[in-house]
Amino acid sequence: MPTVISFVSTKGGVGKTTLAANLAGILADYGMRVLALDADIQPSLSKFYPLLEQAPCGLRAIVMRGGNVQPDCISRTALSNLDLIYSDTPDGSLQTWLKDREDRLMIMRRAMASPALQHYNVVIIDTQGAVGELQKTAAMAADYMISPIKPDTLSAGEFSSGTLAMLDDLNRLADFGETFQSGDLYALINAQERNNNARTLTTVIRQKFAGFKKVRVLDTVVPSAAAYAAAATAQLPVHRYDRRLSVSNSAWHVMHRLVWELFPTLTEIYVDDVCADSHDDGAGTSEDGGAP
Ligand SMILES: Nc1ncnc2c1ncn2[C@@H]1O[C@H](COP(=O)(O)OP(=O)(O)O)[C@@H](O)[C@H]1O
Ligand SMILES: [Mg+2]
């Protein structure tokens with residue numbers, strides 16, 4: 001079975017799609033077979049990378065078929081090793097439809113067990129920044145969730161009141177008489193500004209969540225950098241876009257650190273070590289320096 005990672009938060013604009021797409025991109029460059037699943041009804045992960053082959057269906061068919069993923073739902077992106085299930089129901093009807101299904105929390109978990117997905121190493125699910133049935137079913141399908149959090153007081157407050165409440169809620173709702181619990185939640189500090197105030201807030205956030213069961217603040221911190229938006233505009237994974245080896249906070253290093261923390265067996269291994277394809281000096285080095 002693939003490892004399933006869902007990006008969740010009750011807040012929009014914290015970096016879920018950015019980090020989901022870039023994690024998917026770097027894992028694919030490591031040679032893993034990766035599937036990105038866009039479970040946000042506003043399809044932004046769906047458009048992040050160019051498509052080589054667009055499948056006839058996407059998320060809607062998977063949900064309507066009760067969590068059965070057929071090959072006709074899997075699109076191919078221009079990145080080798082990275083496939084996509086696009087989001088195709090912008091009107092919110094999926095949320096309404098899910099509400100009436102008793103097995104709604106299980107639908108995405110069932111989808112992950114579909115034979116068509118068993119050759120993937122990793123599935124990365126992006127969700128909308130709000131609470132809803134789609135988000136919950138995506139959360140319950142995950143081995144673990146990643147919740148980006150911006151180091152400012154408002155976001156930290158929103159994280160505890162919103163995202164942690166959702167986690168609690170899920171684990172209460174999920175009581176089907178036997179133990180059926182969500183995976184752990186990893187908070188990922190994202191878009192940290194380069195000033196003392198932001199760094200202090202990061203420390204406060206770490207202290208605040210130190211004693212929580214099922215919640216861990218990842219050691220990796222993603223700084224605020226123009227490269228993240230610029231790479232998205234160029235439809236490239238950010239580690240290929242900002243490859244500055246001499247800058248410890250370049251996207252190259254940050255994305256590697258994130259991978260090493262999530263997949264410890266890859267520690268100290270760089271994508272270039274495992275995948276000759278990613279020596280594409282054209283796309284990468286010409287953009288060195290991050291912001292164009
Ligand atoms: N580390 C970062 N540094 C700078 N900008 C970022 C960073 N992460 C995300 N952004 C920008 O923030 C905006 C919101 O990010 P997005 O991934 O769409 O959030 P979400 O999916 O949680 O709504 C985007 O314009 C994105 O480019
Ligand atoms: Mg998003």
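Heads up: numbering here begins at 1 and tracks the sequence. Atoms within a ligand are numbered from 1 in the order they appear, just like the ligands themselves. Side chains included, hydrogens not; waters and symmetry mates left out as well; all remaining heavy atoms used. Just so we're clear, the structure is a prediction, and the values are computed from it rather than from any experiment.
Using a cutoff of 4.0 Å between basic side-chain nitrogens and carboxylate oxygens, Arg101 and Asp103 are scored as salt-bridged. In this structure, Lys11 does not pair ionically with Glu158, as no charged nitrogen and carboxylate oxygen lie closer than 4.0 Å. The pair Arg243-Asp272 counts as a salt bridge, with a side-chain nitrogen and a carboxylate oxygen less than 4.0 angstrom apart.
Backbone and side-chain nitrogen or oxygen atoms of Thr17 are examined, and one is located within less than 3.5 angstrom of a nitrogen or oxygen of ligand 1. For ligand 1, the polar-atom distance check against Asn190 finds a nitrogen or oxygen pair separated by under 3.5 Å. Residue contacts with ligand 1: Pro223 is placed with a nitrogen or oxygen under 3.5 Å of a nitrogen or oxygen of the ligand (distance criterion only). Polar contact with ligand 1: absent for Tyr228 (N/O pair, distance under 3.5 Å). Not one N or O of Lys11 is nearer than 3.5 Å to an N or O of ligand 1, by distance alone. Residue Gly13 places at least one N or O, backbone or side chain, under 3.5 Å from an N or O of ligand 1. Looking at Leu19 next to ligand 1, no N or O pair under 3.5 Å apart turns up.
Ligand 1 lies nowhere less than 4.0 angstrom from a heavy atom belonging to Gly129. Contact annotation: Ser44 has no heavy atom less than 4.0 Å from any atom of ligand 1.
Under 4.0 angstrom from ligand 1, the non-hydrogen atoms of Ala229 come from both its backbone and its side chain. Counting heavy atoms closer than 4.0 Å to ligand 1, residue Ala232 contributes nothing at all.
The distance from the Mg ion (ligand 2) to the nearest N/O/S atom of Thr17 is under 2.8 Å.
Between Tyr270 and His253, the angle of the ring planes goes over 60°, which puts this pair in the perpendicular group of the 30/60° scheme.
In this structure, Tyr228 has its ring center at least 6.0 angstrom away from the ring center of Tyr241.
For the pair Arg216 and Tyr186, the distance from NZ or CZ to the six-membered ring centre is under 6.0 Å and the angle to the ring normal is within 45 degrees.
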